[in-house]
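Note sheet for the following structure.
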Number of protein chains: 2
Amino acid sequence: MMREFKRKSRILLVDDNAEHLRGVKELINLETNYDVVGVTTSANVAINLIKKYRPDIVLMDINMPEKDGLQAIQEIEKLELDTKVIALSGYDDADLIFRAMKLGAKGYVLKTMASAQLIYAIDEVAAGKIYLPSALSSRFFEYFQRSFKNEAAVQQEENLLTYLTSREEEVLDLLTQGNNYKGIAAKLFISETTVKTHVNNIFQKLQVNDRTQAVLYALNNGFANRRRVKAAV
Amino acid sequence: MMREFKRKSRILLVDDNAEHLRGVKELINLETNYDVVGVTTSANVAINLIKKYRPDIVLMDINMPEKDGLQAIQEIEKLELDTKVIALSGYDDADLIFRAMKLGAKGYVLKTMASAQLIYAIDEVAAGKIYLPSALSSRFFEYFQRSFKNEAAVQQEENLLTYLTSREEEVLDLLTQGNNYKGIAAKLFISETTVKTHVNNIFQKLQVNDRTQAVLYALNNGFANRRRVKAAV
DNA sequence: TTTAATCTAAATCTTTGGATGGACAAAACA
DNA sequence: TGTTTTGTCCATCCAAAGATTTAGATTAAA
């Protein structure tokens, strides 16, 4: 078994550290099922090489000075090729990991990790999976959950939106869709002056000065979650 | 080594399948460092048990009919205790995994997995980490990246924001912070009439009628990502 | 039954916003 | 070199937004 005649996966290496570049290249060349089809120290060059040679996998250092590796990942993803990017980094910073994965990286490996782990990551990604080493995965999730926890918290703590009457909510809803007084009056079948009264009351309760601030307050404090509303404009 | 006098971790089991419940309990009781301090087939009962006994870890079946296990996780997280929840599920559905992790689950384990893997997950979570088996983690990330890909797509397709000059971007930025003409003029050290000119040009380019619509357009089309800006109001 | 909220509405007034058209200098571009 | 873009500024005019006050009708709560 395991005797399929599978095409070798073609790999491109991007790392501004020529030293490290050589090391990784040799390491991968020891593997029978991978071919290093290119190496470069520049992210800009990498983009062009990828367009030309369509490698299966790109090992991308994201701690480069000149052009940011994360930005490079973003550009590569925009190309909509089948190329899979594995981020290579010196840091296990949660924010870095999160951003790399968000941009579409299929893996994230630390430079300090054992070479066997790098090969394993490549194997997994080549097989179509997304691979994050357990330790980094844990980091990622802490960050992920924290960001959602804050989001949930915002919607609780003394939210001025709770003081609005249901009619005021309706009016605010229409405000957050870009309506003016006339438009709101027409949609609610009430007079324009009545709308003005409601809007003024909303300003008082939200402690803002104008409609733009009211809309911003609503959007920043989970108003859409309170009322089931679709996107605006 | 490994000879610390660590307090045993106290575990609560929640599963509407009494059969499975017994099996897991016996499995965990084989471990010297864990105590099962309670079992229940009801999510509602579980919440109360957690309030009373403050277990270190809860194994929560999320495929229960009566009360949704996910909802239970949410309620447990709201209590802000140190209790760590591991989701237990029969399905490796990406959406389920995503939602469980989003709600704060510290782990997600399939019922079909080997018992050794369940114990390993408990070990990791007890040690303060977040644990997702590699296969599920891969599922999670596919879902995660897909959701961000759509978001990124919105920001590409014919985005009117790209037509703005850098000065206009500055002005729009201040608009999205709730400033009026006077405020913007003061902050940019230019006259109010100049601001009006810029704002009018912005309206033209974004094809909107007033500032509120402009702000809404900006927010709905990833303007904040284009410029590095903090929250408004 | 009184009290309090809410929704509605109007009148008046002030401020702000927005449209339009024109002007000029600097910089970028071809 | 001329041409275009950008950023700055002004005046005018009208529309819209917002502040303030007053008040009738309805309904729910005390």
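Below, read A as the first sequence line, B as the second, and so on, with proteins coming before strands; counting in each chain starts at 1.
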For Thr193(A), which contact category applies under a 4.0 Å heavy-atom criterion: base, sugar-phosphate, or nothing?
base

Does the side chain of Tyr131(A) pick up a donor-acceptor pair with the side chain of Gln117(A) at under 3.5 Å?
yes

Are the side chains of Leu219(B) and Leu216(A) in contact, using a 4.5 Å heavy-atom criterion?
yes

Please state whether the phosphate of dG18(D), meaning OP1 or OP2, lies under 4.0 angstrom from any side-chain nitrogen or oxygen of Asn200(A).
no

Donor-acceptor pair between Asn63(A) and Ser89(A) side chains, under 3.5 angstrom
yes

Only one of Leu172(B), Asn200(B), Thr165(B) clears side-chain contact (heavy atoms from CB on, under 4.5 Å) with Lys205(B); which?
Thr165(B)

No-hydrogen, no-angle side-chain donor-acceptor test under 3.5 Å, Thr194(B) and Thr197(B):
no

Indicate whether OP1 or OP2 belonging to dT8(D) is found under 4.0 Å from a side-chain N or O atom of His198(B).
yes

Quick one: on DNA chain D, does Asp210(B) or Lys196(B) contact a more 5' nucleotide (nearest heavy atom)?
Lys196(B)

Side chain to side chain, Leu13(B) and Met60(B), heavy atoms closer than 4.5 Å:
no

Heavy atom of residues 179-191 of chain A under 4.0 Å from DNA chain C: which residues?
Ile190(A), Ser191(A)

Are Ser42(A) and Thr40(A) close enough that a side-chain donor and a side-chain acceptor fall under 3.5 Å?
no

Residues that Arg54(A) engages under salt bridge (Lys or Arg N to Asp or Glu O under 4.0 Å), provided they are two or more places apart
none

Phe203(B) CZ to dA15(D) C1', in whole Å, measures 14 Å

Degree of bending, the helix from dT1(C)-dA30(D) to dC29(C)-dG2(D) (end axes from five pairs; round to 10°)
50°

Salt bridge (Lys or Arg N to Asp or Glu O under 4.0 Å) with Lys102(B): which residues, sequence neighbours excluded?
none

Distance check needed: dT8(D) C1' versus Asn201(B) CG, whole Å only.
12 Å

With heavy atoms of chain A within less than 4.0 Å as the criterion, where does contact along DNA chain C begin and end?
dT6(C) to dA10(C)

Out of curiosity, Arg10(B) CZ to Tyr53(B) OH, how far, rounded to the nearest 0.5 Å?
9.5 Å

Please determine if a side-chain N or O atom of Thr194(B) lies less than 4.0 Å away from the OP1 or OP2 oxygen of dC10(D).
no

Could you tell me how far apart Asn209(B) (CG) and dA15(D) (C1') are, to the nearest whole angstrom?
13 Å

Taking atom C1' of dT8(D) as reference, at what distance in whole Å does atom CD of Glu170(B) sit?
13 Å

Taking for each residue the nucleotide of DNA chain C with the nearest heavy atom, is it Lys205(A) or Glu192(A) whose nucleotide lies nearer the 5' end?
Lys205(A)

For Leu164(B) and dT5(D), give me the distance from atom CG to atom P, rounded to whole Å.
16 Å

Please state how far atom CZ in Arg211(B) lies from atom C1' in dA17(D), giving the value in whole angstrom units.
10 Å

Indicate, with yes or no, if the rings of Phe140(A) and Tyr108(A) have centres closer together than 6.0 Å.
no

Which residues share a salt bridge (Lys or Arg N to Asp or Glu O under 4.0 Å) with Asp95(A), sequence neighbours left out
Arg99(A)

